[in-house]
Every structure is written in C-alpha cells, then in structure tokens.
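All values reported here derive from a predicted model rather than from experimental measurement.
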Amino acid sequence: QVQLVESGGGLVQAGGSLRLSCAVSGRFFSRSLMGWFRQAPGKEHEFVAAINWNDGSTYYGDSVKGRITISRDNAKNTVDLQMNSLVPEDTAVYYCACNPTGRGPMIDKNFGSWGPGTQVTVSS
C-alpha cells in the first residue's frame, strides 16, 4: 500500500511562494494519479492539482490555474507543488493523495490514500 507524507507548509505573506513536497513510498501502480487537495476550515476538500505518475500528464483546479505547478521526480519518489502569487484564500491544510486507477473525475472519493496534511497559511 502506498504511503504519503507532505512537507513544506508554513506561513507566508500574500504574493509570496511556497513549495510543498510529498514523499511517496510503498507499493503503487505506475498508472496512478498523484494529487493535491486542500481543505479550509468548514469547507470540503478542494482539488488543486494532479499528475500521472507514468506519463506526467497534469491536471489543475480552476482556482489555482496559472499560479501552481505540479511535478514529480520518479527517481526520488516525490511529488512537488510549487505555489506562486499566494492569496489569503489559499490558506488551508494541503493533502497529498493517490488515485490508483489513474482515471475518473478529480474528486476526493477517487483518491483512496491520503497523507496527514500540511498547513499553509497566507497572511494579508
């Protein structure tokens, strides 16, 4: 079973940047989608970005397009999320997650394995 551990969260001022990293270990299918979701207080999980582990195809949520880039390093088994031009509305717990089928809508129910999350706080 795949294990996921996020790192890189913290406090940043509006307009700043952060780079989150997800360490991937254990067994998983190469066709898997590795994704990032976020959850703000009182809200549901929101899809941020995902990448196909095999061919590197990327997918982005509408609210972050143009500001966030997802990438993977197959040798290091990491999935990174580069976030630029951050705004207070980006404040949330960010989770790394795995969709073993590599298909389907980018919704939380299709991602069966999750990391514990890392807090990102953007101050105005």
Side-chain angles (χ1 to χ4, degrees):
Q1 187 173 352
V2 64
Q3 288 88 43
L4 308 165
V5 179
E6 305 90 342
S7 62
L11 174 65
V12 64
Q13 288 188 333
S17 300
L18 271 180
R19 188 175 184 88
L20 306 183
S21 186
C22 174
V24 183
S25 61
R27 299 182 65 182
F28 59 95
F29 296 109
S30 61
R31 65 173 183 255
S32 297
L33 280 170
M34 299 298 182
W36 286 91
F37 286 79
R38 65 187 183 185
Q39 188 172 29
K43 295 187 177 181
E44 297 183 349
H45 286 126
E46 177 188 9
F47 171 69
V48 177
I51 187 166
N52 184 288
W53 189 262
N54 188 33
D55 64 15
S57 300
T58 57
Y59 310 86
Y60 292 95
D62 290 339
S63 64
V64 301
K65 280 182 180 177
R67 300 189 297 119
I68 288 182
T69 303
I70 189 170
S71 61
R72 87 227 191 275
D73 187 324
N74 295 56
K76 295 181 180 179
N77 275 15
T78 57
V79 179
D80 289 352
L81 194 69
Q82 178 65 43
M83 305 190 294
N84 301 320
S85 302
L86 287 165
V87 296
E89 290 73 26
D90 293 320
T91 295
V93 177
Y94 283 69
Y95 297 92
C96 182
C98 175
N99 174 346
T101 71
R103 297 177 297 177
M106 301 299 171
I107 58 175
D108 53 2
K109 294 179 180 179
N110 285 340
F111 289 74
S113 299
W114 292 71
T118 186
Q119 176 71 47
V120 171
T121 303
V122 184
S123 63
S124 57

I need the [X] [atom1] to [Y] [atom2] distance, nearest 0.5 Å.
X   : Y   : atom1 : atom2 : answer
C22 : Q3  : SG    : CD    : 11.0 Å
N54 : R72 : CG    : CZ    : 7.5 Å
N99 : L33 : CG    : CG    : 5.0 Å
L81 : M34 : CG    : CE    : 14.5 Å
D73 : T78 : CG    : OG1   : 4.5 Å
L18 : D90 : CG    : CG    : 9.5 Å

Within one Ile-Leu-Val-Met-Phe-Trp-Tyr cluster: [X] and [Y], side-chain cutoff 4.5 Å:
X   : Y    : result
Y95 : V120 : no
V2  : V79  : yes
V24 : I70  : yes
V12 : W36  : yes

Step-by-step side chain to side chain contact (heavy atoms under 4.5 Å, CB included) determination, V122 to E89: CA-CA 8 Å; V122 184; E89 290 73 26; over 6 Å; no
N/O donor-acceptor pair under 3.5 Å between S21 side chain and D80 backbone: no
Taking E6 for the side chain and G117 for the main chain, is one N or O donor matched with an acceptor at less than 3.5 Å? yes
Which residue pairs pass the side-chain hydrogen bond (donor to acceptor under 3.5 Å, both in side chains) test when at least one of the two sits in residues 104-118, sequence neighbours left out? H45-D108
Test: side-chain hydrogen bond (donor to acceptor under 3.5 Å, both in side chains). Region: residues 26-35. Which pairs qualify, not counting sequence neighbours? none
Scan for salt bridge (charged side-chain N to carboxylate O under 4.0 Å, His left out) pairs involving residues 52-65, sequence neighbours excluded, and state none if there are none. D62-K65
Tell me, please, which residues at least two apart from S17 pass side-chain hydrogen bond (donor to acceptor under 3.5 Å, both in side chains). N84
Run the side-chain hydrogen bond (donor to acceptor under 3.5 Å, both in side chains) test against T69 and tell me which residues pass, sequence neighbours left out. none
Please, which pairs that meet ring-ring contact (aromatic ring centres under 6.0 Å, His included) have at least one residue in residues 47-89, sequence neighbours excluded? F28-W53, F37-F47
Of the non-hydrogen atoms in S124 and P88, which two are nearest, and what is the gap between them? CB-CG, 3.9 Å
What one should report as the nearest heavy-atom pair of L86 and R67 is CA-NH1, 3.9 Å
Show, in sequence, the C-alpha distance, side-chain angles and deciding distance for R19 and S71, and conclude whether the side chain to side chain contact (heavy atoms under 4.5 Å, CB included) test is met. CA-CA 11 Å; R19 188 175 184 88; S71 61; 3.7 Å; yes
